[in-house]
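Each remark here refers to the structure printed beneath this line.
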2 protein chains.
Amino acid sequence: MADEKTYHMAPKEFQRYGKAVIDWISSYQARVESFPVLSQVEPGQIRSTLPPDPPKSGEPFEALLADVEKLILPGITHWQSPNFFAFFPGNVSGPSILGELLSAGLGVQGMLWATSPAATELESHVLDWLASMLGLPAHFLSSGSGGGVIQDTASSASLCALLAARERATGYETNRRGCDGSLTAYTSTQAHSSVLKAIKIAGIGEDNLRLVEVDENFALRPQALAESIERDKQVGKTPCFVCATVGTTSSEAIDPVAEIGRICREHGVWLHVDAAMCGVAAMCPEFRYIQRGIELADSYCFNAHKWMFTNFDCDCFYVADRAALIRTLSVSPEYLRNRATESGAVIDYRDWQIPLGRRFRALKLWFVIRHYGVEGLQYHIRRHVEVAQDLAARVQKDERFELAAPAPLNLVCFRHRGGDSANEILLDRLNRSGKIYLTHTKLAGQFTLRFCAGQTHTELRHVERAWRLIQHEASALGNSAVSP
Amino acid sequence: MADEKTYHMAPKEFQRYGKAVIDWISSYQARVESFPVLSQVEPGQIRSTLPPDPPKSGEPFEALLADVEKLILPGITHWQSPNFFAFFPGNVSGPSILGELLSAGLGVQGMLWATSPAATELESHVLDWLASMLGLPAHFLSSGSGGGVIQDTASSASLCALLAARERATGYETNRRGCDGSLTAYTSTQAHSSVLKAIKIAGIGEDNLRLVEVDENFALRPQALAESIERDKQVGKTPCFVCATVGTTSSEAIDPVAEIGRICREHGVWLHVDAAMCGVAAMCPEFRYIQRGIELADSYCFNAHKWMFTNFDCDCFYVADRAALIRTLSVSPEYLRNRATESGAVIDYRDWQIPLGRRFRALKLWFVIRHYGVEGLQYHIRRHVEVAQDLAARVQKDERFELAAPAPLNLVCFRHRGGDSANEILLDRLNRSGKIYLTHTKLAGQFTLRFCAGQTHTELRHVERAWRLIQHEASALGNSAVSP
């Protein structure tokens with residue numbers, strides 16, 4: 001049989017170019033500290049180097065890889081630099097990258113059990129592993145009433161939890177009839193913006209989201225939550241959803257899950273716990289206190305793609321009652337019907353998420369857990385907490401600075417005592433230097449610097465150097481920039 | 001400076017194991033035809049081979065890769081087999097796999113322009129390229145009033161389009177006040193299940209989704225749509241959203257976009273065109289008729305991860321008015337504020353989608369377009385259509401079979417004349433053989449076999465062999481299984 005004409009990459013070429021890409025990534029990792037952490041390009045600069053029209057004929061792969069180096073690298077903000085302290089960690093690792101590569105090579109679609117049983121079963125399995133590593137309650141296991149699933153992000157996890165809560169509170173009738181303005185939801189003023197986004201998407205409306213006040217540590221005040229729920233019930237509203245945060249994005253504040261959980265139980269309200277930022281710390285027994293009361297939650301998530309050396313996307317989402325989630329999200333057209341689904345003996349993860357399609361993300365998670373082992377993950381999480389605590393101590397020793405919030409784990413929120421404009425100038429100069437990258441927040445109305453230690457290769461020496469740079473810029477501030 | 005203790009994979013190891021994974025994928029590709037296309041495992045079989053507890057200590061990478069071969073492969077349904085004719089194509093290619101690998105290695109988060117300008121700018125750029133390759137109207141370009149963005153799936157694209165439609169129809173007040181039961185939406189009885197799912201998620205409610213009847217070719221009847229909209233307006237409802245389909249999942253039916261578009265314009269209703277299944281065919285001028293009237297659409301999507309040799313996930317979603325989408329989905333907490341965003345000179349793609357985070361998916365799309373060139377993509381799309389048309393001709397020549405729908409492109413819907421049970425038996429036997437994998441649908445109430453030709457390495461010989469297998473099983477059916 002004669003082979004047909006083809007434009008596909010031949011197997012030998014794939015091997016050759018694949019190895020060139022592996023070498024390139026290895027070289028990138030070796031060079032990553034030599035680039036400005038925050039990309040220094042201007043808006044439009046990268047696009048201006050690209051040809052306006054797509055190529056009519058194919059190009060050699062060497063040209064593509066050369067253009068990544070030449071055209072793309074200047075426009076990269078280097079999340080994998082050990083000097084990246086901005087936003088949140090997005091740390092990756094060798095086993096994770098290779099798990100992602102294998103998943104791409106297999107190219108399977110895991111929407112149904114039948115469309116690749118291993119994708120579904122490995123996912124259930126490693127999510128059960130993770131539940132035990134984190135000390136989550138047994139009802140979150142697939143052997144119990146619930147189970148875990150990989151979502152793209154904590155935003156999607158919050159949305160799925162909210163939708164299940166919406167349906168449970170209305171006898172699963174809102175899916176059919178639509179929202180009618182009667183539902184209310186609750187989270188703290190410090191919760192992630194994705195909760196508000198989910199409230200809008202789900203048709204509940206921002207007017208029906210109560211932003212509950214926080215205490216001096218930026219944690220939700222349970223008493224204020226209880227009062228808010230009671231007020232709404234008195235005027236005929238139906239409270240359906242509370243989102244507590246274990247580690248807010250802004251300052252890593254830890255909401256008191258146990259007290260919030262008791263209030264939710266009393267009022268029959270769904271409790272979702274968003275531990276995206278730092279829930280993984282619960283792998284270390286000494287940090288497990290952060291999720292005290294988690295047995296009262298209806299759902300929970302943390303992001304392996306933040307601080308667990310796993311490539312984005314990989315949010316791990318658990319529910320205590322999988323039937324509620326599936327009843328909320330299941331839609332079954334004829335063209336997806338199959339014997340395995342109808343047997344009731346399998347999980348079809350398309351019914352646990354917003355999209356239909358899904359890739360084989362459990363592979364990278366399996367690789368990460370097996371490569372590091374529980375002790376390896378614990379070791380690196382502890383090291384990140386140690387180096388962040390080291391920074392917090394240094395901040396407290398320098399009278400020009402103050403801590404802006406407790407720093408329980410790997411995020412340090414601090415500010416120069418010189419006021420907002422001093423801190424804004426400081427941040428801008430540090431980031432423009434390209435030597436480190438920090439971001440900011442506002443706490444108690446004041447502009448605050450955030451320093452998050454969680455990148456794979458961040459060690460004490462990187463944090464020490466960063467602090468010297470911060471001190472140096474503070475010295476250079478001069479009196480002129482400092483407000484009284 | 002002494003290096004700290006580490007559990008991370010060393011650079012040399014990454015290079016060695018990375019190359020081993022590249023070799024494994026190459027070997028997998030060479031062997032893929034030797035495996036049963038549809039995995040033959042029983043529910044629970046894969047999990048039963050996995051240890052119940054996570055490993056305390058790390059394991060060597062060799063063990064992980066060996067387990068992929070031994071434990072995972074039996075549970076894979078081989079989407080990359082040239083004998084995979086089920087559901088829809090999920091075709092991948094060398095340049096796409098390597099683009100995904102590079103994206104994993106760079107490990108950047110593209111939520112904001114600033115968090116990697118190249119990720120955003122390359123995405124805008126290749127989506128503009130694709131718009132011109134497909135002949136989309138200029139207002140879908142980023143240089144016009146609209147622009148393109150990569151979504152995970154067409155489900156999410158439909159949801160984003162629906163939300164923007166919901167907000168536009170209510171003066172952007174539903175985000176604030178919540179849904180009130182007044183909105184209605186429209187799609188055909190043959191539309192993808194994700195439209196119904198989106199309607200439920202958005203709080204509009206299944207009762208407010210009108211499933212418009214189709215013609216004898218399973219395409220939406222514009223007259224019926226117009227009547228439905230008018231009836232709803234007469235009773236005080238607010239029609240806000242129509243989803244037309246260019247290539248239904250069930251039978252690749254092509255809704256008449258031009259006529260639907262005129263009705264939407266007349267009534268001020270948002271028109272979304274879902275071309276997930278086969279919109280990419282418009283790259284070939286002779287197939288561009290499928291999207292006639294696309295200039296009347298408010299939004300459009302097709303899936304590069306179906307039939308464009310690009311790894312999942314990669315849905316390309318376009319809007320004519322990006323301001324409407326951004327106003328609908330934007331939420332701006334302090335901790336994401338930055339100079340570039342405030343300048344108004346950049347795109348922050350987090351405001352174009354449901355999740356906040358996003359990976360650098362434009363790389364693989366860029367690689368695919370540049371590797372194949374426009375002519376390479378056109379060539380392979382044409383070949384898939386040719387081999388599907390070859391099969392359709394064979395079906396028509398065998399008096400035991402009949403076509404169940406027009407087969408305009410790469411999907412052939414057909415059935416044995418022996419009735420539903422004969423077709424069910426036929427499908428079951430073919431799939432159990434492991435030699436090919438087909439799925440089914442129901443058309444006009446009858447059980448129908450679907451044969452979709454679109455995997456990367458599917459050539460005429462695979463389709464010829466599949467047809468011989470189908471004929472062989474039909475002969476083996478015997479009279480007993482055939483209903484009158």
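Below, chain A is the first sequence line, B the second, and so on; all start at residue 1.
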Check whether [X] gets within reach of chain B through its side chain, its backbone, both or neither, counting any heavy atom under 4.5 Å.
X      : answer
A:L356 : both
A:S96  : neither
A:L363 : side chain
A:L377 : neither
A:V346 : side chain
A:L102 : both
A:Y28  : side chain

Check the pair B:Y372, A:H8 against ring-ring contact (aromatic ring centres under 6.0 Å, His included), reporting the backbone distance first and the verdict last. CA-CA 7 Å; B:Y372 285 95; A:H8 301 309; 5.6 Å; yes
Part of [X] lying under 4.5 Å from any heavy atom of chain A:
X      : result
B:P60  : neither
B:R337 : both
B:S116 : both
B:S124 : both
B:S155 : side chain
B:E173 : neither
B:H192 : both
B:L460 : both
B:L130 : neither
B:I354 : both
B:Q151 : neither
B:V92  : side chain
B:T174 : backbone

Can you measure from CZ (B:R359) to OG1 (A:T153) and round to the nearest 0.5 angstrom? 12.0 Å
How long is the span from the CG atom in B:L98 to the CG atom in A:L65, to the nearest 0.5 Å? 9.0 Å
Between chain A and each of B:V126, B:N208, B:D23, B:I369, count heavy-atom pairs under 4.5 Å; write down the option with the most. B:D23
Identify whether the distance between the nearest side-chain nitrogen and carboxylate oxygen of B:D207 and A:R177 falls below 4.0 Å. no
Does this structure show an ion pair linking B:R358 with A:D152, if we count only N-O contacts that are shorter than 4.0 Å? no
Taking only residues two or more places apart in sequence, or in another chain, which ones meet A:H125 in a side-chain contact (heavy atoms from CB on, under 4.5 Å)? A:W129, B:R47, B:L50
Sequence neighbours excluded, which residues qualify as side-chain contact (heavy atoms from CB on, under 4.5 Å) partners of B:A154? B:D274, B:A276, B:C301, B:N303, B:D315
State whether a side-chain donor-acceptor pair under 3.5 Å links A:H440 with B:E334. yes
Answer with yes or no whether the side chains of A:N175 and B:E206 bring together a donor and an acceptor at under 3.5 Å. no
Return the minimal non-hydrogen interatomic distance between A:V108 and B:T77, and the atom names on each side. CG1-O, 3.5 Å
Is any side-chain heavy atom of A:Y17 less than 4.5 Å from a side-chain heavy atom of B:I22? no
